[in-house]
Novice: 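Sending over a structure as structure tokens; questions will come in a sec.
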There are 4 protein chains.
Amino acid sequence: MSHSNSYLMTLDCPDGVGLLARITNFVASLQGNFTEVNQFTDKINDWFLARFAFEIERESTLEEIRHAFAPIAAELNASWSIRDGGKPLRTVLLVSKEDHCLADLLWRWRSGELNIEIPLVVSNHPDLRPVIEKEGIPFLHIPIPQEPAAKDIAFRQMSDAICEVSGELTVLCRYMQILPEWYCEEHHNRVINIHHSLLPAFAGADPYKRAYDRGVKLIGATCHYATGELDAGPIIHQEVLSVEHFHTPNDLRRLGRDCERLALARGVRLHVEDRVVVHNSRAIVFGD
Amino acid sequence: MSHSNSYLMTLDCPDGVGLLARITNFVASLQGNFTEVNQFTDKINDWFLARFAFEIERESTLEEIRHAFAPIAAELNASWSIRDGGKPLRTVLLVSKEDHCLADLLWRWRSGELNIEIPLVVSNHPDLRPVIEKEGIPFLHIPIPQEPAAKDIAFRQMSDAICEVSGELTVLCRYMQILPEWYCEEHHNRVINIHHSLLPAFAGADPYKRAYDRGVKLIGATCHYATGELDAGPIIHQEVLSVEHFHTPNDLRRLGRDCERLALARGVRLHVEDRVVVHNSRAIVFGD
Amino acid sequence: MSHSNSYLMTLDCPDGVGLLARITNFVASLQGNFTEVNQFTDKINDWFLARFAFEIERESTLEEIRHAFAPIAAELNASWSIRDGGKPLRTVLLVSKEDHCLADLLWRWRSGELNIEIPLVVSNHPDLRPVIEKEGIPFLHIPIPQEPAAKDIAFRQMSDAICEVSGELTVLCRYMQILPEWYCEEHHNRVINIHHSLLPAFAGADPYKRAYDRGVKLIGATCHYATGELDAGPIIHQEVLSVEHFHTPNDLRRLGRDCERLALARGVRLHVEDRVVVHNSRAIVFGD
Amino acid sequence: MSHSNSYLMTLDCPDGVGLLARITNFVASLQGNFTEVNQFTDKINDWFLARFAFEIERESTLEEIRHAFAPIAAELNASWSIRDGGKPLRTVLLVSKEDHCLADLLWRWRSGELNIEIPLVVSNHPDLRPVIEKEGIPFLHIPIPQEPAAKDIAFRQMSDAICEVSGELTVLCRYMQILPEWYCEEHHNRVINIHHSLLPAFAGADPYKRAYDRGVKLIGATCHYATGELDAGPIIHQEVLSVEHFHTPNDLRRLGRDCERLALARGVRLHVEDRVVVHNSRAIVFGD
């Protein structure tokens, strides 16, 4: 068989005695060998969260492993996932007109730094079509009307297009539209956004202008899961940069792009490697 | 005469042609030699801001220099200040129960790192009296009642005590009371506070608990001038620190203390060296 | 009994299948509950390294637990340690004349931030005696002669004094003498030093002057275990700071003190919490 | 006339009384208005260094301004430069096989973030030809032989090609050859390199592997002028990043690329805006 024999498991459940022994015994029973173990017990909420990377030498299918683990997970009341560690994640990018985050992700994809496939790029503007098609990636222009009903139809069209290409992750690369609540809920913790401020500061529009007006000495960018509430989803990663009084709002935009690129790329990588487990709206990030 | 012959001048005024030549010629006319020049033109507001450090070899008193400069300043419609660069700034510290910022400032004062005198420490609690008196600094315990009229009387008492020792700067070292608006106005840009978040995020009470709940990946501290509006005054300096999911609110408090200490010490130093000029609620900081 | 029932175990051994299951089963057999698990497999050297924090409800002595684990450890060819998680580490400080690191550690000790006891401070100069004795800590002045044989006698005297107070950790707080090789070897990975540069840059004397001459834009400090080879021991933690062209060597010294304080305090805390495991001269740090 | 009326002047000379007044009077005499003034007096070497950005309303040519300033500069024994602030700098890029720094600079050039023209890219390998030619930039493949005489001929060829396109700046974008001493001298302070470590640590080959072996907790990249001595030229900018024990040498290479990209882009921008003045092998950087 040609499948990879490395696996990524994430799991969270109520805390209890012997949880880790339980799971390590399970992996041992498959003749599996751990390559990385990350575990965190949230004492405040009595919650157990973990990520296990392991390799199995003998022949097993992903389905067999999942099937074998299901009864244990049920017993532990666990949310869990096991997937093939080598398989690229199918990732759809949303863009508007600015291409700095897009160009950065494309470079990391081409170079193999990010283990993703990009089956589709969707935009509310036609401008970046040539950039995308030059890479051999299908580009879909879906304008977003102002009128609520028409807007909802446009987003349904986008959602359908993403389903059709079996998108597993949606990444907003400075996409300048607010996704509808239903979309964020249907793709819960599978929509990543980059916001150009150190959230929760300057949530919403034009953060660099507001940062300038407030006279902050640090600016940054926040990579987070998009949820129904604007800019309030679980934070995956933040980047920060010192600024000085002589930086105009345009300077902040320019410098901020470096934070945005980096924060988005790191956040996407963490997600793609199954290093993020969300509990109670906080993202547990098993670092890399 | 025994006075120092180094001077610090700060100045801000509407922008215009030849301003810098005007001032440099003035200093040249005194046979002065610049040791440091910092200038910033705020193009957005057409405003000129500058700091000049200079030395004068021949005998001049501070009063003579100020007198000579006054007509130029009047002509330029400038706010300005000239003071003796070697003279320590009389700085009153306000504390409550936590002593980490206090201990840090005291070390920097004792070691000569901060060019200040501390004629008085005021607290709303008696706890830190021994720490302060061991240093040979007068300690004044002024409890702050809840009841508005009584509270105002207490703050008047504090204000009088600070005037009596000729306090030029008031520093809130994690002082857990909100100063009355009239105090901040009377001591405009001469009251420095440390807030334990990256303002404007988590202004107000219990920022570390709120940072934990929001799941931010960066925490920090903000040193700013206190104004009538809580935590909204001009920002002098900010420090930041990465945190992870396993940090509890108490861990954030512990780690945050390192940011608070540092941000307050840097902010106070910048003020003491006359490196901060406030314009339109933004602090122009001529760095060091 | 009054002893704490929380334990810290560190362990490293050749990698193999089922190691984690083995240890988690051991802790489960004691009815222990993990409060924190950190594990790292060094794939380059096929080495397994881990730290386990666990609590045991029923009565067990440290000796019983160690006795029960010894045969497992022997089988795994493991280096290991199990100790009482609540017991403060007996820490001896070495100082010369500069007191910024010392003052910082003393504050963290007094405030309970660092879980240590300080049974003794040793110095090659008498200057800091009053500071130390005011804290109620014994101070021992051991001058270090230039002449090799006399110098060795002085260090033997220091070593004996540290043994006498059952010192478990020695911390050089800007102690300006090079410890003899035999001392570092006898106290292998139990002597922590702070070097005032980003090692391996500027190892040896006067790093700030050399950093200035080289015109670096970043300075820092390195907390590391002292070994027989000067400034070459395993690095526990590093702090860094931006500097500019206008900073003189003295400015670098001043700014660097903030890095030194912080790097040393973090490094000592990591050691005190048994978060550092050294393998092949690299420090594996299970972060906090 | 169509030329821009903004100018950049840099100047350094022995310190003296009235220097700043002298220059500001000169600019005032042209009816010039300063948009930015940066001045630094190096007290250790008694040296005056400055950058002036100014605008002139009335008609003047660059030659007229230079001609008018020359006698003043001669009197001050100054090294100086005045150039048109709006004119893009002709920048030649050198690459080998890795394209992360190249791709980043190309993006900043295309987006207008960097005020440069790229008349030529030279490589010792043919691999990146398609990437470059797709951008409409001439690509020149000059293999570098091992044999010293042949190697020198190859570099002469490169030097001629750069002269032919009137290259004003040469940027090594991870170019994996050491430039000959004569090239660095002929293009003194006009050749920018990116080294993938925090120089002076790990100068020379394979810094990430050596950083891993040494177990450092911080890695970074250094943008500097290339001189005859390898990795010893004046440092313009450095970027730094925390790393942990679980990062392999390949992880350091991956993470390091983010530092390299950023450090090189910032360094090039600082040079392009005439913000760097070198004195005594230290780079004075008038920040932005």
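Residue numbering restarts at 1 for every chain, and letters A, B, ... go by the order of the sequence lines.
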Novice: Taking atom CG of L262(D) and atom CG of L262(A), what is their separation to the nearest 0.5 Å?
Specialist: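 Output value for this atom pair is 7.0 Å.
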
Novice: Does atom CD of E57(D) have more than 12 heavy-atom neighbours, drawn from other residues, nucleotides or ligands, at distances under 6.0 Å?
Specialist: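 For E57(D), atom CD is not crowded (no more than 12 foreign heavy atoms under 6.0 Å).
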
Novice: Would you please name every residue forming a side-chain contact (heavy atoms from CB on, under 4.5 Å) with A211(D), sequence neighbours left out?
Specialist: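 Here the qualifying residues are F202(D), V216(D), I219(D), L252(D).
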
Novice: Under 6.0 Å from the CD atom of E133(A), do we count more than 12 heavy atoms belonging to anything else shown?
Specialist: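 It does: E133(A) CD has more than 12 such atoms within range.
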
Novice: Quick one: pull up CH2 in W107(A) and CG in L102(D) and give me the separation to the nearest 0.5 Å.
Specialist: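 So the CH2 of W107(A) and the CG of L102(D) are separated by 10.5 Å.
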
Novice: Picking from V243(D), L255(D), D99(D), D251(D), which has the most non-hydrogen pairs under 4.5 angstrom with chain A?
Specialist: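 Of V243(D), L255(D), D99(D), D251(D), D99(D) has the most heavy-atom pairs under 4.5 Å with chain A.
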
Novice: Find the distance between CZ (R261(D)) and CG (D258(A)) and round it off to the nearest 0.5 Å.
Specialist: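 Between atom CZ of R261(D) and atom CG of D258(A) there are 10.5 Å.
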
Novice: Go through the atoms of R110(D) and report whether side chain, backbone, both or neither lie under 4.5 Å from a heavy atom of chain A.
Specialist: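 Nothing of R110(D), per the 4.5 Å heavy-atom cut-off to chain A.
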
Novice: Between R257(D), R254(D), H100(D), which is the residue that forms a side-chain hydrogen bond (donor to acceptor under 3.5 Å, both in side chains) with E113(A)?
Specialist: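 Among the candidates, only R257(D) passes.
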
